[in-house]
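Have a look at the structure below before the remarks.
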Protein chains: 2
Amino acid sequence: MTNWINQDWLKILQEKGFRITKPLRIITDILASSNHILNPTQVYLEAREEYPKIGLVTVYRTMEKLEEAGLIERVHMPDGCQSFFQAAAGHQHLLICTKCSKAEYFEGDNLGTLFNRTGQSFGYEITNHWLQLFGLCQDCQLKHTNNPT
Amino acid sequence: MTNWINQDWLKILQEKGFRITKPLRIITDILASSNHILNPTQVYLEAREEYPKIGLVTVYRTMEKLEEAGLIERVHMPDGCQSFFQAAAGHQHLLICTKCSKAEYFEGDNLGTLFNRTGQSFGYEITNHWLQLFGLCQDCQLKHTNNPT
DNA sequence: TTGATTGCAAATATTTTGCAGGCAT
DNA sequence: ATGCCTGCAAAATATTTGCAATCAA
């Protein structure tokens with residue numbers, strides 16, 4: 001089940017001196033292979049199916065390490081700020097399904113120019129930005145349409 | 001100290017059937033006149049200077065009402081999702097100082113087009129978006145420069 | 001063997017709820 | 001006078017910390 005992305009992650013983690021334990025392997029695999037934004041509890045529930053004795057605390061700590069290692073990044077969601085998603089290569093923006101949390105990165109061309117111009121006009125020195133689009137992904141649109149009546 | 005914006009807010013709240021009490025008046029005044037994004041604790045601390053017996057719980061509940069009434073809106077900050085700012089007229093975007101939370105609304109021209117195009121290309125039906133720029137406001141840039149050595 | 005990592009339990013921190021009394025209407 | 005609103009205390013949540021046992025290296 002461990003996919004190639006996860007292999008990379010494990011290698012990186014090992015190089016950073018982390019020990020590759022079973023909980024780490026499972027948590028990493030979930031996060032590396034999911035195209036959904038997940039919070040610690042969601043990862044915990046999923047991890048427990050494969051390894052019932054895993055603790056929520058371990059999930060918190062492991063996700064913290066993965067963030068530290070730059071493999072996942074925190075994403076603020078309408079209902080919480082403790083969710084994470086695979087880090088983007090370079091800074092990109094997110095398109096997120098409000099129903100299932102499926103997410104995609106996209107590039108906005110030239111936004112940097114607008115951002116800097118805006119910062120200048122208000123006298124701010126821009127250091128960072130968040131751009132997230134929310135909507136329904138294709139699957140969730142269909143589910144919605146096929147509502148049992 | 002109660003400013004004109006606050007007068008409007010009180011009127012709106014009254015029309016919605018809320019009772020205009022002293023805690024409400026104080027909390028409203030803080031939020032209506034501040035150009036900083038504030039969380040309940042910050043509002044509480046400020047409110048307490050004018051009215052020491054106010055409770056944090058009241059601040060939470062009052063801010064909830066103000067949000068319900070559309071006068072303030074929730075803003076996600078890097079360190080928490082429980083902050084609020086005066087609601088914008090129409091949907092606008094935010095420019096936020098990472099040091100003091102001073103904030104400004106700005107309009108991004110034509111972003112809607114980009115957003116919809118992006119949504120389409122991934123099969124998402126866009127319903128909403130967040131765009132926030134972070135940086136240092138002018139005051140905080142100066143403070144930074146004048147660092148005592 | 002050694003010490004980083006785990007999982008439990010307990011501690012913190014944060015937000016919400018219940019309720020008796022107070023106050024706006 | 002009525003019942004919404006307040007503030008206290010307590011409950012519910014969410015997250016972090018301490019520690020002995022386990023396990024990767």
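Note on naming: letters A, B, ... go to the chains in the order of the sequence lines (proteins, then strands), and numbering restarts at 1 for each one. Everything quoted here is computed from the prediction, not taken from an experiment.
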Here the distance between atom P of C:dG7 and atom CZ of A:R48, to the nearest Å, is 12 Å

Hydrophobic clusters here meaning ILVMFWY residues chained together by side-chain heavy-atom distances under 4.5 Å, can you tell me if A:L111 and A:W130 are in one? no

Going by salt bridge (charged side-chain N to carboxylate O under 4.0 Å, His left out), name the residues that satisfy it together with B:E73, two or more places apart in sequence or in a different chain. none

Whether B:H129 and B:H93 hold their rings parallel, tilted or perpendicular, with breakpoints at 30° and 60°: tilted

Based on the rotation axes of five pairs at each end, what angle does the helix from C:dT1-D:dA25 to C:dT25-D:dA1 bend through, to 10°? 40°

Whole-Å gap separating C1' (C:dT5) and CD (A:E64): 13 Å

Provide the start and end nucleotides, 5' to 3', of the part of DNA chain D that has atoms under 4.0 Å from heavy atoms of chain B. D:dG3 to D:dA9

Residues two or more places apart in sequence or in another chain: which of them pass disulfide (SG to SG under 2.5 Å) with B:C100? none

Do you know which two heavy atoms are closest between B:F115 and A:L131, and how far apart they sit? CZ-CD1, 3.7 Å

Student check: side-chain heavy atoms of A:F84 and A:E64 closer than 4.5 Å: no

Kindly indicate, with the supporting measurements, whether the criterion side chain to side chain contact (heavy atoms under 4.5 Å, CB included) is fulfilled by A:Y124 and B:L136. CA-CA 5 Å; A:Y124 283 57; B:L136 280 184; over 6 Å; no

Do B:F85 and B:Y105 have side chains that approach each other closer than 4.5 Å (heavy atoms only, starting at C-beta)? yes

Report the distance from atom CD1 of A:I26 to atom C1' of C:dG7, rounded to the nearest whole Å. 14 Å

What does the list of N/O pairs under 3.5 Å between the protein and nucleotides 17-24 of chain C look like, with a distance for each?
unit_1, atom_1, unit_2, atom_2, d
C:dA24, N3, B:R19, NH1, 3.1

Looking at B:S121 and B:T118, would you say the former's side chain and the latter's main chain have a donor-acceptor pair under 3.5 Å? yes

Return the set of residues passing salt bridge (charged side-chain N to carboxylate O under 4.0 Å, His left out) with A:E104 (not counting sequence neighbours), or none when no residue passes. A:K102

Which heavy-atom pair separates A:E67 from A:R74 by the least distance, and what is that distance? OE1-NH2, 3.7 Å

Whole angstroms only, please: what is the CD-P distance between B:Q42 and C:dT15? 12 Å

For the pair made of OH in A:Y60 and C1' in C:dT5, what is the distance, rounded to whole Å? 19 Å

